[in-house]
Each structure stands twice: as C-alpha cells, then as structure tokens.
Amino acid sequence: GVQTCALPICCNSVLATKMSMTYGDYAITEAGFGADLGAEKFFNIKCRKSGLSPKLTVIVATAQGLKMHGGTPEKLIKEKDIEGLKKGLDNLKKHLENLALFGQTVLVAFNKYATDTEEEIGIVRDFCKERNVYFAVNEAFAKGGEGAVDLANEVVKAIEENPSKPLNFTYDDKDSIEEKVEKIAINIYGARDVVFSEKAMKTLKKIDGTPLSKFPVCVAKTQYSFS
C-alpha cells in the first residue's frame, strides 16, 4: 500500500543513513520500488558489496495505494473505503516483515492527499503503533518543505532512539545460485516453492564452481507487488 509513481502502487523504500565521512549529518537515498524489489536488491547486492548499513528504512504509503491492494476499484480509491483500506494493510504488513528480516528499523511516511480523511490516517497510524513502527504524515506535495518537517523530525528521532541493526542478508555468498533464488522467492516474495526449468538448470551447471557462483543474485520481476 505504498506509492512511488502517479498511480498508487506499493512500496517505495527510502534509506536514511547517518554518515560520518561526508559533508552532511544524514544521507538519504531511494532504494527503489518496493521492499520486495528495490530494497531487496539494495540490501543484498549494493550494501553487501559497498559495506553500507542503513540506520533507518522509510516506507512511503498512501491511502489510495492501500485501498487498491484491499480490492477497492481504481476509479473509487479517492473515495472513503475503510474496509478496503484495512484489507490493504496486509500488503504493508508483508513489507514490514521483509524489512524486519533485514534488521531494519522502519518509519512509515504517509503521503497525504486532499481526499484522505483523518479516520483513514488514524487507522494506518494505529496499525504502525501496534507494531512499534515509526509513523509520520508527509504533506510536502501540498505545503512544500514545511509539510515535511514532521517527517524529517521523526526520521531523526528514530535514528537516535532505535537505529537499525547491522544488516542481516537473505542469503550467504557461499550459497549456491539455486539456494539464493529460493531464499529470495520464499522469504521475500512469499513463494511456497521454486521450480527451475531444464534450460535454467543447464545454465546453472555452467556457473557452478566458477567465481560467478559467489555473486549476489539480481532477480528480475514486474513492478507489481504481492497482492
């Protein structure tokens, strides 16, 4: 239930890392679309090889995106639909679970639209509070920088109070390619099992025993989220 584009889609993970060897106190980077897509690659590939270890992950959510994941027709997502919103929270829940596997402290930034109601915002806020997840409303689109002050303060507070643990990767470098793919598919995407085609197995046999077998795995998938 989180958004990065014009359409309310799923989860945009933004990593905030307190730096000690650059010019600012905080460096913020967009990890990419979704905790299942962008963040997984950012952690398992980029952070693994660069030594980066983010202090906080921010998930950007919208009521419209949550309602779409909850089954609300796209043409009706600007209208109040409490039941659809609550059902859509299952999508956000999976993203939070994924980020917890990486050892990340999480803040949910609620991008507020003019059509959002205080009741809808309160439901998402309570959902986060029950899970000890930081929460802030972001009104930067409507109010500019002033509308993002509360979010910025909450980011600083989260990092100071409860910074993320050292990264816990989904797989080890020494795992086989098959094991790496299986761990991503099962633990991150929620797959029950993984089946490799005969063609894929022939290719994997060529990789086995070479330096390539120790590389991280970059899984290509659509932009669509779990639901």
Side-chain angles (χ1 to χ4, degrees), residues 2 4 10-22 26-60 90-108 131-133 158-159 162-227:
V2 213
T4 54
C10 186
C11 166
N12 175 30
S13 302
V14 180
L15 290 302
T17 308
K18 190 165 185 179
M19 307 293 284
S20 60
M21 51 185 179
T22 189
Y26 297 88
I28 300 174
T29 182
E30 181 180 357
F33 181 83
D36 54 330
L37 182 61
E40 183 274 311
K41 292 173 174 56
F42 185 88
F43 293 140
N44 281 323
I45 301 175
K46 187 171 184 178
C47 290
R48 182 193 301 266
K49 296 305 179 182
S50 67
L52 289 172
S53 189
K55 299 297 184 185
L56 178 70
T57 295
V58 177
I59 294 182
V60 182
D90 281 343
N91 183 273
L92 180 57
K93 179 174 178 285
K94 176 58 176 169
H95 285 289
L96 294 176
E97 290 171 350
N98 280 356
L99 294 170
L101 291 176
F102 287 106
Q104 287 293 291
T105 297
V106 181
L107 187 160
V108 171
R131 289 159 178 77
N132 295 317
V133 171
I159 292 175
N162 186 28
S164 298
K165 300 175 183 176
L167 274 173
N168 180 37
F169 299 120
T170 308
Y171 52 83
D172 295 325
D173 283 329
K174 62 180 177 57
D175 289 341
S176 68
I177 299 295
E178 295 97 315
E179 289 173 325
K180 291 171 183 175
V181 171
E182 288 171 351
K183 288 180 178 180
I184 293 172
I186 293 171
N187 296 322
I188 303 298
Y189 299 150
R192 184 176 62 231
D193 198 4
V194 177
V195 177
F196 295 90
S197 69
E198 183 178 344
K199 183 179 180 180
M201 290 306 299
K202 287 181 179 178
T203 302
L204 289 173
K205 285 182 179 179
K206 295 178 182 179
I207 296 174
D208 190 34
T210 73
L212 291 175
S213 65
K214 303 302 179 186
F215 282 10
V217 168
C218 186
V219 177
K221 68 178 287 292
T222 71
Q223 77 274 26
Y224 299 108
S225 190
F226 315 108
S227 51

For T170, give me all partners under side chain to side chain donor-acceptor pair (under 3.5 Å), at least two apart in sequence or on another chain.
N44

Please list, chain by chain and in numerical order, all residues satisfying side chain to side chain contact (heavy atoms under 4.5 Å, CB included) with L107, sequence neighbours excluded.
L56, V58, A109, Y134, A136, L151, E154, V155

Taking only distance into account, with no hydrogens and no angle test, what donor-acceptor pairs under 3.5 Å do side-chain atoms of residues 195-204 form with protein atoms, sequence neighbours excluded?
residue	atom	partner	partner atom	Å
S197	OG	A200	N	3.1
T203	OG1	K199	O	3.2

Above 12 or not: heavy atoms from other molecules or residues under 6.0 Å from NZ of K165?
no

Please set out all donor-acceptor pairs under 3.5 angstrom arising from side-chain atoms of residues 171-179, sequence neighbours excluded.
residue	atom	partner	partner atom	Å
Y171	OH	V217	N	3.1
D173	OD1	R48	NH1	3.3
D175	OD2	D172	N	3.0
D175	OD2	K183	NZ	2.7
S176	OG	E179	N	3.1
S176	OG	E179	OE1	3.4
E179	OE1	S176	N	2.8

Who passes side chain to side chain contact (heavy atoms under 4.5 Å, CB included) against E97, sequence neighbours left out?
K93, K94

Please name the pair of heavy atoms, one in S164 and one in P54, separated by the smallest distance, quoted to 0.1 Å.
CB-O, 3.3 Å

Kindly give the heavy-atom pair with the smallest separation between S53 and P166, and that separation in Å.
OG-CA, 3.9 Å

Quick check: closest heavy atoms across C47 and L167, and the distance to 0.1 Å?
CB-CD1, 3.4 Å

Can you give me every donor-acceptor pair (side chain of residues 207-215, partner residue at least two apart or in another chain, under 3.5 Å) with its distance?
residue	atom	partner	partner atom	Å
T210	OG1	I207	O	2.6
T210	OG1	L212	N	3.3
S213	OG	T210	O	2.7

Ignoring hydrogens and angles, tell me if any N or O in the side chain of N168 forms a donor-acceptor pair with the backbone of L101 under 3.5 Å.
yes

Residues V194 and V181: closest non-hydrogen pair is CG1-CG1, 4.2 Å

Per the side chain to side chain contact (heavy atoms under 4.5 Å, CB included) rule, which among V108, I59, V106, T57 passes with H95?
I59

Does the K41 side chain pair with the main chain of V219, one donor and one acceptor, at a distance under 3.5 Å?
yes

If you take all heavy atoms of F169 and F43, which pair is closest and at what distance?
CE2-O, 3.2 Å

Output yes when a side-chain donor or acceptor of D36 lies under 3.5 Å from a complementary backbone atom of Y189, and no otherwise.
no

Could you give the distance from CD (E40) to CZ (F102), rounded to the nearest 0.5 Å?
5.5 Å

CG of L99 to OG1 of T105, rounded to nearest 0.5 Å, is 10.5 Å

